[in-house]
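Here is the structure we will look at.
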Amino acid sequence: MITHINVAVMYVADQQQSVDFYVDKLGFTKTVDAEMWPGARWVEVKPPNGQTSITLHSAEAFGKKPGEGAYLTFACDDIDETVRQLREAGVTVTDPVEEAWGTYIKATDPDGHEVMISKK
C-alpha cells in the first residue's frame, strides 16, 4: 500500500538557482542530480529528515512555465526562529500569521513560488 508522498514536481526557470535556494537558504539536501536526456536534469531536494522530495524540473525542457506544478507547504518547530534564519539568508518571508488552525509564514523562491511554512 501507499506509505507516503514520494516527489512533488516544481517547474522552474533556472534549476541551479532553485537548487541553490532550497539547499543554501532553506537547508534542504540535494539527493538526486542526474541527466534525464540531453538538456534535461532530474534534480531532487528534500528537507532534513523528510520523506518527500521536490524535483526541480526545467520548465523549458518540459514545455511548461515556471510556477506550474504543486503548491507546497512545509512544517517547522519554531516559527519565529525560522523567520529569523530565512531573513538572515536573504529570503523574502512574510511575518507570521495566526489562524485558528495554526501559525504560518510564506517564503518566496526565485521563480515567485510562495511556499507555506507552518508551526507544527
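Hydrogens, waters and symmetry mates are skipped; everything else that's a heavy atom, side chains included, is used.
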Where do [X] and [Y] come nearest, in terms of heavy atoms and distance?
{"X": "Val23", "Y": "Val45", "answer": "CG2-CG1, 4.1 Å"}
{"X": "Ala61", "Y": "Ala40", "answer": "CB-CB, 4.1 Å"}
{"X": "Ser118", "Y": "Trp101", "answer": "CB-CZ3, 4.3 Å"}
{"X": "Pro96", "Y": "Ile105", "answer": "CA-CG2, 3.6 Å"}

- Task: Scan for side chain to side chain donor-acceptor pair (under 3.5 Å) pairs involving residues 49-59, sequence neighbours excluded, and state none if there are none.
- Result: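 Every pair satisfying side chain to side chain donor-acceptor pair (under 3.5 Å) with a residue in residues 49-59: Glu44-Ser53.
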
Quick one: does [X]'s side chain get under 4.5 Å of [Y]'s, heavy atoms only?
{"X": "Phe62", "Y": "Met36", "result": "yes"}
{"X": "Val91", "Y": "Phe21", "result": "yes"}
{"X": "Phe74", "Y": "Ile54", "result": "yes"}
{"X": "Leu56", "Y": "Val19", "result": "yes"}
{"X": "Pro47", "Y": "Leu26", "result": "no"}

- Message: Does anything in residues 19-34 form a salt bridge (Lys or Arg N to Asp or Glu O under 4.0 Å)? List the pairs, not counting sequence neighbours.
- Response: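 Only Lys30-Asp33, Asp33-Arg41 qualify under salt bridge (Lys or Arg N to Asp or Glu O under 4.0 Å).
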
Partner residues of [X] under the salt bridge (Lys or Arg N to Asp or Glu O under 4.0 Å) criterion, sequence neighbours left out:
{"X": "Glu99", "answer": "none"}
{"X": "Asp95", "answer": "Arg87"}
{"X": "Glu35", "answer": "none"}

Just wondering, more than 12 heavy atoms not from [X] lying within 6.0 Å of its [atom1]?
{"X": "Glu81", "atom1": "CD", "value": "yes"}
{"X": "Asp78", "atom1": "CG", "value": "yes"}
{"X": "Glu60", "atom1": "CD", "value": "no"}

Note to self: Applying side chain to side chain contact (heavy atoms under 4.5 Å, CB included) to Asp109 and Val115, what does each step give before you reach the verdict?
What the structure shows: CA-CA 8 Å; Asp109 81 1; Val115 293; 5.7 Å; no

| Same apolar cluster: Tyr104 and Ile117, side chain cutoff 4.5 Å |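 In one cluster with Tyr104: Ile117, no.
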
Decide whether Leu72 and Val93 are clustered together by the hydrophobic rule: side chain heavy atoms of Ile, Leu, Val, Met, Phe, Trp, Tyr closer than 4.5 Å, transitively.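 Yes, same cluster.
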
Show me, pair by pair, the donor-acceptor contacts under 3.5 angstrom made by side chains of residues 6-14, not counting sequence neighbours?
| unit_1 | atom_1 | unit_2 | atom_2 | d |
| --- | --- | --- | --- | --- |
| Asp14 | OD1 | Gln16 | N | 3.0 |
| Asp14 | OD1 | Gln17 | N | 2.9 |

Discussion item. Distance check, rounded to the nearest 0.5 Å: Trp42 atom CH2 versus Gln15 atom CD?
Written reply: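 With rounding to 0.5 Å, CH2 (Trp42) is 11.0 Å from CD (Gln15).
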
